[in-house]
Amino acid sequence: MVQSEKMKPAATAVTRTEERNRMRTVANNLILHIHPTKVPKPALRFSYTWGLGGISALLATILVMTGVLLMFRYDASVERAYTGIQTLETQVAFGALIRSIHHWSANLLIVTVFLHMLRVFYTGGFKKGRGTNWLIGLFLLLLVVAFNFTGYLLPWDQLAYWAITVGTSLLYYVPVVGTAVANFLLAGPEVGQGALRNFYAIHVAVLPALLVLVMSWHFWKVRKDGGISQPEPKERQRVERVTTIPHLVQIELAAALLLLAGLLIWAIFVPAPLEALADPLHPPNPAKAAWYFLGLQELLLHMHPLAALVLPGIVLAALALIPWWDRQGENIGHYFRSNVGVATAVTGAILAIILVPLLVVVDEYWLDLPALMAGTPSLIANGLVPLLLTLAGLGGIYIGFRVLFRANHSEALVGLFTFTIIGLIMLTIVGIFFRGANMALIMPF
Ligand code: HEM
């Protein structure tokens with residue numbers, strides 16, 4: 001009896017150690033399903049990837065978890081959706097916080113995925129057999145936007161109702177399939193019960209299923225492509241490899257904890273917005289789309305709607321083709337390719353920061369293409385002409401980089417890409433801060 005009592009603590013200690021070891025093995029196996037056992041040491045440099053892919057994956061996970069919690073209280077009915085959200089915020093423990101985390105994670109995800117795409121582009125991460133994964137990534141970007149767009153309607157407040165009304169009205173201008181897609185999405189002549197039910201189903205069932213599938217495919221491709229892109233080692237230089245556990249995992253853990261802390265603090269102090277109940281008879285003035293579509297809405301103020309949709313379509317198609325358009329294999333893993341690439345990128349950014357707002361102001365106050373081409377159909381005067389002028393301008397910028405900077409094709413594309421991206425950001429800034437009642441140009445101060 002005495003002996004067995006003496007042995008008891010030792011036996012418990014062994015069991016605990018065994019238990020801990022078993023748990024560690026399970027955790028390690030889980031990690032090694034995602035990562036290889038060893039990674040090149042240079043790939044650990046945080047300032048190479050900024051952890052943006054991993055952060056996006058973490059945000060997507062947070063969104064799924066908080067989204068499932070929200071589903072317990074949400075009712076996709078035009079009578080009950082809004083009051084359901086109000087009840088959740090005022091009567092459910094941590095309800096407002098969960099909604100706030102979901103809301104801000106969704107907005108942040110658009111930013112991190114976008115920045116991740118920029119990182120991949122600027123380091124040439126789409127080259128040398130990684131073209132398919134670039135395309136998969138682009139599809140993920142569209143999925144993330146679709147997630148945000150469908151989720152926007154669900155609170156059924158003024159903000160939601162009118163942003164989706166403005167957003168879906170653009171669909172009717174898409175040639176051939178636009179009206180059919182709009183009719184299917186809205187399930188009626190305007191945003192109403194049918195639209196709310198459809199958006200909810202797409203938001204909580206179709207898109208999550210697609211996201212899980214496509215994200216898994218994306219990660220699997222990163223591993224199949226031999227890990228993330230790296231600068232070529234110099235001749236006879238051996239790349240040092242270190243074990244994933246603990247070297248990579250501890251960096252990922254630190255980044256995840258920082259993100260979670262920041263997100264939590266932000267969500268506590270800045271609650272997710274909820275305006276008055278949706279009122280189809282009283283649109284706010286101005287009625288704006290969601291912030292990530294405001295660049296597009298701004299474009300609509302300057303061009304015929306068809307041209308304002310064709311232009312982003314061309315940009316998207318060019319983005320999809322980038323791995324085949326820029327096949328120069330040198331300088332992979334080096335930001336902006338080379339010093340010339342840095343120069344074209346900086347010049348492209350400065351040009352966009354000056355030119356785009358300038359063109360917005362000129363078009364708002366002085367330029368009137370339809371009046372200049374009186375008698376010409378609006379589709380040509382206000383559509384085809386500005387579209388062709390824009391494309392010619394982009395072509396001119398590319399040629400300018402080739403000639404003036406003696407840039408090679410890849411370096412000139414870096415400049416052109418930067419101009420386009422900063423141009424889009426400038427249009428979005430104008431849309432957010434400089435458009436007031438009746439979408440007139442205003443100063444925000
Ligand atoms: C939900 C969205 C996305 C998630 C969760 C995600 C996640 C990741 C992760 C974890 C990596 C490993 C390296 C890193 O962290 O940078 C990666 C690499 C990569 N991603 Fe994404 N990604 C997403 C969207 C995109 C987008 C929008 C693109 C481009 C259009 C893209 C293209 C790529 C490519 C080509 C690689 C390999 C890069 C290299 O080898 O340097 N991804 N992604």
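We count ligands from 1, going down the list as the structure has it; atoms in each ligand are counted the same way.
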(request) Give yes or no for whether the N/O distance cutoff of 3.5 Å, strictly under, is met between Tyr48 and ligand 1. (result)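 It does not: no N or O of Tyr48 is found under 3.5 Å from an N or O of ligand 1.
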(request) Assert yes or no for the condition that the ring centre distance of Tyr200 to Tyr74 is strictly below 6.0 Å. (result)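 Yes, the ring centres sit under 6.0 Å apart.
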(message) Could you check whether Tyr122 and Phe417 have their ring centres less than 6.0 Å apart?
(response)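 Yes, the ring of Phe417 comes within the 6.0 Å limit of the ring of Tyr122, centre to centre.
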(message) Quick one: does any side-chain atom of Arg402 pair with a main-chain N or O of Ala407 as donor and acceptor, under 3.5 Å?
(response)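 At least one qualifying donor-acceptor pair exists.
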(request) Please work out which of the three classes, parallel, tilted or perpendicular, describes the rings of Trp156 and Tyr161, given edges at 30° and 60°. (result)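 Aromatic pair Tyr161/Trp156 classed perpendicular.
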(request) Could you tell me how the ring of Phe147 sits relative to the ring of His203: parallel (under 30°), tilted (30 to 60°) or perpendicular (over 60°)? (result)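 The rings of Phe147 and His203 stand perpendicular, inter-plane angle above 60°.
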(message) Does the residue Gly54 have a heavy-atom contact with ligand 1, meaning some pair of atoms that are separated by less than 4.0 Å?
(response)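 For ligand 1, residue contact (heavy atoms, under 4.0 Å) with Gly54 is present.
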(request) Examine ligand 1 and decide if any of its atoms is less than 4.0 Å from a heavy atom belonging to Trp50. (result)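 Trp50: no contact with ligand 1 (<4.0 Å).
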(request) Tell me, please, whether Phe121 has Arg130 positioned over its six-membered ring: NZ or CZ under 6.0 Å from the ring centre and within 45 degrees of its axis? (result)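 Judged by the rule, Arg130 and Phe121 form no cation-pi pair.
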(message) Run the salt bridge (charged side-chain N to carboxylate O under 4.0 Å, His left out) test against Glu298 and tell me which residues pass, sequence neighbours left out.
(response)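 Partners of Glu298 under the salt bridge (charged side-chain N to carboxylate O under 4.0 Å, His left out) test: Arg435.
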Can you list the ligand 1 atoms lying under 4.0 Å from a non-hydrogen atom of [X]?
X	result
Arg119	13 (C), 14 (C), 16 (O), 38 (C), 39 (C), 41 (O)
Leu141	27 (C)
Phe219	7 (C), 8 (C), 9 (C), 10 (C)
Ser229	39 (C), 40 (O), 41 (O)
Thr49	16 (O)
Arg130	40 (O)

(message) Quick check: do Ile164 and Phe149 have side-chain heavy atoms less than 4.5 Å from each other?
(response)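 A side-chain contact under 4.5 Å exists here.
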(request) Among all protein heavy atoms, pick out the one at the shortest distance from atom 37 (C) of ligand 1; state its residue, atom name and that distance to 0.1 Å. (result)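 Answer, as residue, atom name and distance: Gly125 O, 4.1 Å.
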(request) Identify the protein heavy atom lying closest to atom 13 (C) of ligand 1, giving its residue, its atom name and the separation to 0.1 Å. (result)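 That would be Ile228 CG2, 3.2 Å.
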Under 3.5 Å, sequence neighbours excluded: what are the donor-acceptor pairs made by side chains of residues 303-315?
residue: His304; atom: ND1; partner: Leu306; partner atom: N; Å: 3.0

(request) Verify side-chain hydrogen bond (donor to acceptor under 3.5 Å, both in side chains) between Ser229 and Tyr48, making sure each step is shown before the conclusion. (result) CA-CA 10 Å; Ser229 56; Tyr48 183 61; 2.9 Å; yes
(request) Identify which protein N/O/S atoms are less than 2.8 Å from atom 21 (Fe) of ligand 1. (result)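 His116 NE2, His218 NE2, with waters left out.
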(request) Sequence neighbours left out, what pairs pass salt bridge (charged side-chain N to carboxylate O under 4.0 Å, His left out) with at least one residue falling in residues 212-224? (result)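 For residues 212-224, and leaving out neighbouring residues, the salt bridge (charged side-chain N to carboxylate O under 4.0 Å, His left out) pairs sorted by first residue read Lys221-Asp225.
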